[in-house]
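Everything numeric here is computed off the predicted structure, so don't read it as measured data. Hydrogens, waters and symmetry mates are skipped; everything else that's a heavy atom, side chains included, is used.
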Amino acid sequence: MKRAPFLAAWVSCLAVLVGAPVAWAAPLTPTPKTTHAALTLNTDGSFGFQVMPGKPLSVDLVGPGSLVLTVRLNSAKKLPSFTGELEIRRAGKVLKKDRLNLFRSRVGAYKEDRRLQPSNPKSFKLKVPDGLQHYTVSLKAARGVSMTLGISYDSSADQSAAMPADDMALVPLVAPGGEGPGMDDIPLVPLAPVDSGKPPADAVAIADKPADKPVVKPADKPVVKPADKPVVKPADKPVVKPADKPADKPADKPAVVAVAPVDKPAAPGGPETAKDADKPVEAKPGVETIEGQAAQPPEVTGEATEVPAVVSLGLKLGQISPFQAIGTTSFTGVFDLRWIIPATDGNLHLGVEVGYHQYALAVTGRDLEAELKVIPVALQLFYAIPLASIFQLFFGAGGDMYVVMSETRYTNDPGSALSGTSFAFGGHVCAGGELELGPGFLGLEIRAGFTSADVTGMSNVNVAGLSSVLGYRLEF
């Protein structure tokens, strides 16, 4: 008896070597039992199921395992943030309630509907116990707000018990009143009343066919097509109609025959009756109808869609003071160009700046005057931290190149002026805040820069300084 565990281990090893299937834990995306549209982000290709308020999502899972639900709120309105209440139930018992208040993502849109504005994501991790478990996820939110729910399940358990059986999803195609599987085996949905003697409600609807008697075709006309295919009237031969029916359409506009979808049978006692089944299905304007297929919706073209912002342009104006005694506080201006990195939900910006400022100084005791004109070119990285719906803090750092144009002269000798251009390299750090105002952002920034430049008549000069600027930028 003590050899049983040892033998079992050897059997498992041999199964791996010969290629026998072994159940390993692997993440998967379960299919909900309820019907929901799929929404896919154009930034990273992640997708989820759209859940509307009042229409919860249901899914079955076989445990044990680890379930991760990733939530985004959506709205067609470009609001700073979206709110709603999330509720997660297992077998009818509430597991989690959370009041969502998610900021709108500045980058990314859905491929299926680019008008929807997604929020930043929020994830919830749940442990699934042993056995078949039933989960329900619902949303309570204002009108126009929906939720995108991403489902990731990691388990080594067999999930076949949680998958819907394929034969239960099909409607048996048997004649009314004919023999078929028993009601205990497969729940049949009658396609038409048994005693009507007419084709099923979701069979092909033949245009202008009388309800009480079959159409008598002349002998010189072709044989009527089978009932499972739509019949298109010839354009050059008008069809004789009974006296109590309206006149036929012109010959150049043949009657359009549409097919009712097979996967939506008429329920017993529902609004569709045998009389309605004999009426042709009218094709709606703009809907393409193909013989033998269901009506397909038209492709929407020319509709204005909002593209996520990925580029930012801004202008900053303010003052700069030198760290050394090379002048006094002066004016500075900066042109700001940024790329908003999509994968970071708009929080990380990579930018290039070009600015201008100048210093003027007089060296006492030497009767020496100097004027420095500085053009800084900076490559920098910003990181934004949203604190409210319309306000955020940011921090940044970068590397700088300075173009320094200098001119020195002695006050008692006007002809002694010397000029030259030099280059220097350095860096800077900055911090500030931005307020979403109008179409763009109003910001205040404090920056400190460091460099060492050799200019005409002086060496080891820090031409960067400490600056404070006020700016406004737009995102496109």
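- Aromatic ring centres of Phe394 and Phe382 lie closer together than 6.0 Å.
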Residue pair Ser119, Ser105: steps toward the side-chain hydrogen bond (donor to acceptor under 3.5 Å, both in side chains) verdict: CA-CA 5 Å; Ser119 72; Ser105 176; over 6 Å; no
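- Of the charged side-chain nitrogens involved, at least one lies within less than 4.0 Å of a carboxylate oxygen, so that Glu475 and Arg106 count as a salt-bridged pair.
- To the nearest 0.5 Å, the span separating OG1 on Thr31 from CD1 on Ile151 amounts to 8.5 Å.
- Here the straight-line distance linking atom CG of Leu67 with atom CZ of Arg90 works out to 10.5 Å at 0.5 Å rounding.
- Checked by atom type and distance alone, the side chain of Ser419 never pairs as donor or acceptor with a backbone atom of Glu407 at under 3.5 Å.
- A salt bridge links Arg473 with Glu434: the distance from a Lys NZ or Arg NE/NH1/NH2 to an Asp or Glu carboxylate oxygen falls below 4.0 Å.
- Closest approach of Leu317 and Gly333 over heavy atoms only: CD2-CA, 4.0 Å.
- A donor-acceptor pair is defined here as one N or O able to donate and one able to accept, closer than 3.5 Å; no such pair exists between the side chain of Tyr110 and the backbone of Arg115.
- Counted within 6.0 Å of CZ on Phe124, heavy atoms from surrounding residues, nucleotides or ligands total more than 12; the atom is thus considered enclosed.
- Exactly one residue among Asn74, Leu39, Leu86, Leu57 makes a side-chain contact (heavy atoms from CB on, under 4.5 Å) with Met147. That residue is Leu86.
- Shortest non-hydrogen contact noted between Leu442 and Gly471 is CD1-O, 3.4 Å.
- Residues Thr329 and Ser321 approach most closely at OG1-OG, 2.7 Å, considering heavy atoms.
- Side-chain contact between Phe103 and Pro80 is absent, with no heavy atoms from C-beta onward closer than 4.5 Å.
- Using a 4.5 Å heavy-atom cutoff, the side chains of Val128 and Ser66 are not in contact.
- The two residues Gly427 and Asp400 come nearest to each other via the heavy atoms C-OD2, 3.2 Å.
- Counting only distance, with no hydrogens or angles, the side chain of Asp154 and the backbone of Gly65 share no donor-acceptor pair below 3.5 Å.
- Gln159 contributes a side-chain N or O that, together with a main-chain N or O of Ala157, makes up a donor-acceptor pair within less than 3.5 Å.
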Derivation of the side-chain contact (heavy atoms from CB on, under 4.5 Å) call for Phe395 and Ile385: CA-CA 9 Å; Phe395 301 91; Ile385 304 175; 3.9 Å; yes
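- The main-chain N or O of Glu85 is never found under 3.5 Å from a side-chain atom of Arg99 such that the two would form a donor-acceptor pair.
- Residues Ser459 and Asp454 form a side-chain contact, since some pair of their non-hydrogen atoms from C-beta on lies under 4.5 Å apart.
- At distances below 3.5 Å, at least one donor-acceptor pair connects side-chain atoms of Tyr472 with backbone N or O atoms of Gly440.
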Derivation and outcome, side-chain contact (heavy atoms from CB on, under 4.5 Å), residues Tyr383 and Asn347: CA-CA 6 Å; Tyr383 186 77; Asn347 293 333; 4.0 Å; yes
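- Val137 pairs with exactly one of Val71, Leu69, Val51 by the side-chain contact (heavy atoms from CB on, under 4.5 Å) rule, that one being Leu69.
- Residues Val374 and Gln358 are not in side-chain contact: their nearest non-hydrogen atoms beyond the backbone lie 4.5 Å or more apart.
- At a threshold of 4.0 Å, the pair Lys33-Asp60 counts as salt-bridged, since one of the basic side-chain nitrogens sits closer than that to a carboxylate oxygen.
- Rounded to the nearest 0.5 Å, atoms OH (Tyr153) and OH (Tyr135) are 7.0 Å apart.
- We find the CG-OG distance between Leu73 and Ser81 to be 9.5 Å, quoted to the nearest 0.5 Å.
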Intermediate values then yes/no, side-chain contact (heavy atoms from CB on, under 4.5 Å), Thr40 and Glu112: CA-CA 7 Å; Thr40 308; Glu112 294 78 7; 3.0 Å; yes
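- A distance of 10.5 Å separates CG in Leu381 from CH2 in Trp339, rounded to the nearest 0.5 Å.
- Listed for the Thr332 side chain is no donor-acceptor partner under 3.5 Å among the backbone atoms of His357.
- Considering only heavy atoms from C-beta on, Val403 comes within 4.5 Å of Thr421 through its side chain.
- A pairwise comparison of heavy atoms in Ser58 and Thr136 identifies OG-OG1, 3.8 Å as the closest pair.
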Worked verdict on Ile375 versus Lys373 for side-chain contact (heavy atoms from CB on, under 4.5 Å): CA-CA 7 Å; Ile375 300 177; Lys373 297 179 181 179; over 6 Å; no
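- Between Leu372 and Val455, some side-chain heavy-atom pair lies under the 4.5 Å cut-off.
- Here Lys316 pairs with Glu353 in a salt bridge; the nearest charged N to carboxylate O distance falls below 4.0 Å.
- A distance of 8.0 Å separates OG of Ser452 from CG of Asn462, quoted to the nearest 0.5 Å.
- Taking each heavy atom of Pro342 and Thr43 in turn, the nearest pair found is CB-CG2, 4.0 Å.
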side-chain hydrogen bond (donor to acceptor under 3.5 Å, both in side chains) between Glu371 and Ser406, intermediate numbers included: CA-CA 6 Å; Glu371 182 178 351; Ser406 61; over 6 Å; no
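- Within the 3.5 Å criterion, the main-chain N or O of Gly92 finds a donor-acceptor partner in the side chain of Arg89.
- Leu313 has its side chain out of reach of Leu474: every pair of non-hydrogen atoms, C-beta onward, lies at least 4.5 Å apart.
- Side-chain atoms of Lys122 and Asp98, non-hydrogen and from C-beta on, do get closer than 4.5 Å to each other.
- The closest donor-acceptor contact from the side chain of His36 to the backbone of Gln50 lies under 3.5 Å.
- Between the Asn120 side chain and the Leu102 main chain, no donor and acceptor come within less than 3.5 Å of each other.
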